[in-house]
*Asks:* 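Sharing a structure with you now.
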Amino acid sequence: MTMICEQERTPLEAVTTRGPTMTFKQKLFLLAGASIVAFSSSAFAASTVRVTIAEYSKGTGPYFQEAAKAFEAANPDVKVQIEVVPWDSLQQKLTTDISAGANADLSIIGTRWLLDFVSEGIVAPLDEHIKPEFKARFIDTFLTPSVMNGKVYGLPIAASARAMYYNKDIFAKAGITTPPATWADFKTSAEKIKKLDGETYGFGLQGKEIETDVYFYYGMWSNGGEIVKDGKSGLDSKAAVETAKLYKSFIDEGLTQPGVTSYSREDVQNLFKQGKVATVITAPFLSGQIKTEAPKLNYGVAPIPAGPSGDQGTYGVTDSIVLFENSKNKEAAWKFLDFIFTTEQRTKFDKVENFLPVNAEEAKDPYFADNADLKVFTSLLPNARFAPVIPGWEDIAKTTSNAIQKIYLGQGEAEATLKEAAAKINATLK
Amino acid sequence: MQRATAPYFLILPSFLLAAAIILWPLKEIISLSLHDVNRFGMLREFVGLEHFRVLFADPDFIAATWRTLVWTVCVVLGTLIVSVPIALILNEDFYGRGFARILIMLPWAISLSMTAVVWRWALNGESGMLNSALRDLGIIGSNIQWLADATTAFPMQILIGILVSVPFTVTIFLGGLSSVPDDLYEAASTEGAGRWDQFRLITLPLLRPFINIAFVLNTIYVFNSFPIIWVTTQGGPSNSTHILVTYLYELGFRLGRLGEAAAVSLIMFVILLVFTIIYVRLAMREEKA
């Protein structure tokens with residue numbers, strides 16, 4: 001931007017030297033030129049960093065606006081422009097912006113998309129900026145998913161894991177004292193809950209839209225399965241087939257809410273808040289929603305039930321903030337990144353969003369350290385599985401969701417349907 | 001010579017405008033559909049008709065094409081059948097007609113996505129308004145999970161489609177009806193024509209051009225209509241309620257297969273083009289006769 005100012009100035013000086021012979025018109029031009037330069041230098045003196053932000057909740061936009069202001073106050077030569085986009089249209093916006101070369105300098109993306117961005121050379125590695133002091137701020141588990149080919153391509157802006165929320169009142173009414181430790185226990189509990197009134201269901205099962213596949217993986221991991229093993233889909237493994245049959249038996253015996261394929265994650269969470277399902281497996285942010293929307297709900301958080309051989313898994317998710325390769329303000333953009341990953345800023349943000357702390361210092365804050373719900377989530381992290389680093393993750397997620405929806409609806413036999421899906425995924429993985 | 005070139009010169013500005021907003025994107029889409037494209041729209045090598053071959057081998061695409069046909073025919077015909085009597089009633093002079101007209105037009109003022117969101121809530125199996133209304137009326141004993149399965153979800157989507165197309169269609173018909181002179185009916189009734197004959201022999205033929213225009217415009221809108229299906233089911237469960245436009249969106253912006261998405265949009269363009277040509281031909285033949 002300073003370049004523009006200099007170019008403006010050169011002709012202006014040329015005119016000035018002609019001083020004595022200037023006509024009135026020339027003087028007018030000079031004035032106009034001077035005012036343009038004055039105006040442009042005030043508007044462009046600062047370099048502008050554009051940041052695309054995914055809207056996690058109502059608090060996301062206001063938090064980032066406030067952070068941008070605080071950053072600008074400390075760095076008067078940089079302006080930060082925040083663009084808030086709903087999660088649902090983030091992919092579409094990024095695709096169209098990038099293809100038109102109109103993308104921002106920084107953007108939040110799902111870490112599961114990162115490989116596609118890296119292999120196309122869209123995002124810049126951050127290693128030259130990362131000092132040991134900066135790296136030490138992070139809890140390693142959350143930084144690792146953004147590391148590819150030994151380089152850091154993104155910073156974990158949001159981190160989350162999954163655990164089972166259960167309704168203590170419903171459990172007590174059905175005579176169950178502890179949350180189920182295994183899937184077999186879980187089924188017995190769900191059967192007891194079914195006998196209560198016929199309108200309360202033990203297992204809130206998601207069967208629609210984003211993360212339908214993940215809801216299936218919870219059981220699959222407990223049974224010892226993997227999404228991808230040795231470069232091949234694990235969907236046709238014994239663990240996957242057993243899980244499909246297990247979930248289907250929950251559905252057929254009326255232990256889930258009816259019509260699971262019409263319930264998205266939010267829909268199941270709503271059923272839980274209304275006390276219609278006794279359990280739901282989801283992320284820490286549900287605690288925050290319950291606090292404001294259903295404060296009387298008596299609930300607890302427990303690990304996802306284990307499988308017969310004790311296997312147990314939770315899904316770890318991070319979203320990354322990335323720096324685009326075509327950014328013209330990499331230095332300024334990095335300064336902003338450095339700022340929002342300070343302990344103070346991270347603590348503010350994670351409190352607004354109910355995310356897990358990614359910063360080691362931040363995790364010591366009593367808000368996180370003494371929170372009973374969050375403690376369960378953090379205790380599960382050593383076993384957390386992150387989305388595997390494979391190309392075409394969204395394609396694979398979609399194929400998996402389609403297959404298990406067919407099974408849930410009874411339109412396909414578990415083994416055959418999963419085999420077909422696994423073949424399709426293997427073709428994508430090649 | 002000058003005479004012959006003048007007309008072309010005069011239409012040049014509008015031709016350039018049309019070229020900029022229609023032909024240029026068309027050229028871009030064609031080039032996308034013939035190349036290997038990465039998920040960010042960057043062209044790689046030329047692949048010829050490969051994307052089309054993949055699509056025609058894809059059972060979900062074929063099913064979505066047939067479903068689009070069913071969707072368009074059902075919504076357009078349903079709308080026309082429902083709208084004619086409504087327009088006839090609203091054309092009668094009765095107390096509160098202005099109010100009734102506003103009521104019919106009101107849904108038009110709400111954005112389609114918003115209407116679709118409201119319906120998604122209304123169709124919710126456990127807490128939806130439709131189920132609780134039907135239960136209160138004693139029509140159903142247990143909740144129906146409307147959106148869980150295509151056999152109930154797709155008919156409901158067609159019903160919503162009809163509902164939101166009615167205001168526009170009724171408006172066109174009311175305009176048509178107001179242009180039918182009253183003395184025709186007076187003459188007919190002196191000659192002994194009953195109300196049904198009046199409708200069949202006077203109203204319907206005079207309304208014909210308006211029905212035609214409503215038919216064409218609705219067909220184009222409905223064929224390309226995205227929000228109802230995307231908001232209620234996103235084309236699921238298991239791709240069973242996709243129509244071409246939702247399938248295109250999913251391919252392009254969810255799965256990052258922009259080349260195939262461009263091919264779908266070209267196919268949709270050709271289908272609509274053929275439809276329009278056939279229609280214009282028929283309309284012109286009628287005018288000549």
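Keep in mind that the numbers below use all heavy atoms, side chains included, and drop hydrogens, waters and symmetry copies. So that the names make sense, note that chain A is the first sequence line, chain B the second, and so on, each numbered from 1.
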*Asks:* Do any of residues 247-259 of chain A have a heavy atom less than 4.5 Å from a heavy atom of chain B, and if so, which, in residue order?
*Replies:*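 So the qualifying residues are A:P258, A:G259.
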*Asks:* Nearest heavy-atom pair of A:T261 and B:P237: which atoms, and what distance?
*Replies:* CB-CB, 3.9 Å
*Asks:* Below 4.5 Å, heavy-atom pairs only: which of B:G236, B:S142, B:S127 has the largest tally toward chain A?
*Replies:*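 Of the candidates given, the most pairs with chain A belong to B:S127.
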*Asks:* Go through the steps for A:D267 and B:R120 under the test side-chain contact (heavy atoms from CB on, under 4.5 Å), then give the verdict.
*Replies:* CA-CA 11 Å; A:D267 294 332; B:R120 180 179 167 140; 3.3 Å; yes
*Asks:* Does anything in residues 396-413 of chain A get under 4.5 Å of chain B by heavy atoms, and if so which residues?
*Replies:* A:K398, A:N402, A:Q405, A:K406, A:L409, A:Q411
*Asks:* Checking B:I144 against chain A: side chain, backbone, both or neither under 4.5 Å from a heavy atom?
*Replies:* neither
*Asks:* Looking at B:T233, B:V37, B:N38, which has the largest count of heavy-atom pairs under 4.5 Å with chain A?
*Replies:* B:N38
*Asks:* For chain A, find which of B:G125, B:G235, B:G252, B:S238 contributes the most heavy-atom pairs closer than 4.5 angstrom.
*Replies:*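 It is B:S238.
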*Asks:* As an exercise, state the distance from CD of A:E209 to CD of B:Q234, rounded to the nearest 0.5 Å.
*Replies:*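 The distance works out to 3.5 Å.
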*Asks:* Can you name the residues of residues 107-121 of chain A that have some heavy atom under 4.5 Å away from a heavy atom in chain B?
*Replies:*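 Listed by number: A:D116, A:F117, A:E120.
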*Asks:* Under a 4.0 Å N-O cut-off, is there an ion pair linking A:D395 with B:R254?
*Replies:*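 Answer for the salt bridge query: no.
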*Asks:* For chain B, which residues of residues 85-101 of chain A have at least one non-hydrogen atom nearer than 4.5 Å to it?
*Replies:*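 So the qualifying residues are A:D88, A:Q91, A:Q92, A:T95, A:T96, A:I98, A:S99.
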*Asks:* Where is the tightest heavy-atom contact between B:R135 and A:E199, given as atom of each residue plus distance?
*Replies:* NH2-OE2, 3.9 Å
